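Treat the numbers as computed from the prediction; the structure is a model and nothing was measured. Atoms within a ligand are numbered from 1 in the order they appear, just like the ligands themselves.
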Amino acid sequence: MEIVVPIVTPFTSDGKIDETKVRTHVENLLKKGVDIIFVNGTTGLGPALSAEEKRKMFDATIEVTDKVIFQVGSLNLSETMELVSYANKKDLIAVASYPPYYFSIPKEFIVKYFKDICSKSSNAVYLYNYPSATGKDVDADMVKEIGCISGVKDTNPDFAHTLRYKELGIKTYNGSDSLAMTSMASGLDGTVSGAGNYAPEILNQIRESLRNGDVGSAIKNQFVLIDLVNLTKRVGQFSAIYELVEEFQGYSVGYPRDPIYPLSKDSSEKLREEARKIWKK
Ligand code: PYR
């Protein structure tokens, strides 16, 4: 039962990556029981980062831990391949990619995209499947056809869809906060949770409860997580995570970057107050 956190990308007020804040955040999450750090995911604003910025996030993280999954995907395949080659020189868990998005393309192109990454990578290659964001569902049948994918993060409310990958015998994680408990309880390899940025303790408590057979407590904590996530969604989920890391973990992870605008002071104060009510530590 691994807890994977897709970390936020901490920016300065003028939009540069703050590497010191990355390291502080990663160190704290590991201390709080997180097993694996996923860099440049959705919560990390991956599609909004340049290749150079993706590499910076990876460098700052790997200085702290080798338990890293490095998301390298983009619509510019030469940049993606450069990142894959860069990672070949390092010790890490895997490189990962979402499929090429935006364009309407045949399945064979997606299969080829992943095969090309595999042929360039000396590391394991994981799929980041997030159909509601990318418009492409790289399902278990496609993964079988690709043939070289050894892990998947499926950000998907359809749990059976995720379970199909596990049938192939590859590392399988579901990336929906609302399915954290289900993912840990059902024989998947673990959960990927954006809320883990600000509430790693809750994920850890869910895991502990499951290990102790205390399902009631696991369910209770799962609903605290769901309530927090629903609250963030009302004001702007990705911006809100920056606020809640500071609120609950006690240090700043800087700012998001436009067009993921920071919350107004008023909105931030209301969010924090509501969040404290939901999660009374
Ligand atoms: C991500 O932020 O990358 C997730 O999968 C949740």
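Proximity of Gln71 to ligand 1, defined as any heavy-atom pair under 4.0 Å, is not found for any part of the residue. Contact annotation: for Thr43 versus ligand 1, heavy atoms closer than 4.0 Å belong to both the backbone and the side chain.
Side chains of Lys153 and Gln71: no donor on one and acceptor on the other come within 3.5 Å. A donor atom on one side chain and an acceptor atom on the other are found under 3.5 Å apart for Asp137 and Asn129. Thr232 and Tyr198 are not linked by any side-chain donor-acceptor pair at a separation below 3.5 angstrom, with hydrogens and angles left out of the test. Inspection of the Ser209 and Asp214 side chains reveals no N or O donor paired with an N or O acceptor under 3.5 Å.
Atoms of ligand 1 lying under 4.0 Å from at least one heavy atom of Thr155, given by number and element, are 4 (C), 5 (O). Counting the atoms of ligand 1 from 1 in the order shown, those under 4.0 Å from a heavy atom of Pro6 are 1 (C), 2 (O), 3 (O), 4 (C), 6 (C). Within the listing of ligand 1, atoms 3 (O) sit less than 4.0 angstrom from a heavy atom of Gly41. Close approach of ligand 1 to Thr42 (heavy-atom distance below 4.0 Å) involves ligand atoms 1 (C), 2 (O), 3 (O).
Summary of contacts: the protein heavy atom closest to atom 6 (C) of ligand 1 is Gly175 O, 3.5 Å. Considering only non-hydrogen protein atoms, atom 3 (O) of ligand 1 sits nearest to Lys153 NZ, 2.4 Å.
The closest donor-acceptor contact from the side chain of Arg55 to the backbone of Tyr86 lies at 3.5 Å or more, if one exists at all.
The shortest separation from a heavy atom of Tyr128 to ligand 1 is under 4.0 Å, placing the residue in contact.
The line from CE of Met142 to NZ of Lys107 is 5.5 Å long, rounded to the nearest 0.5 Å. To the nearest 0.5 Å, atom CD of residue Glu273 and atom OG of residue Ser268 are 11.0 Å apart.
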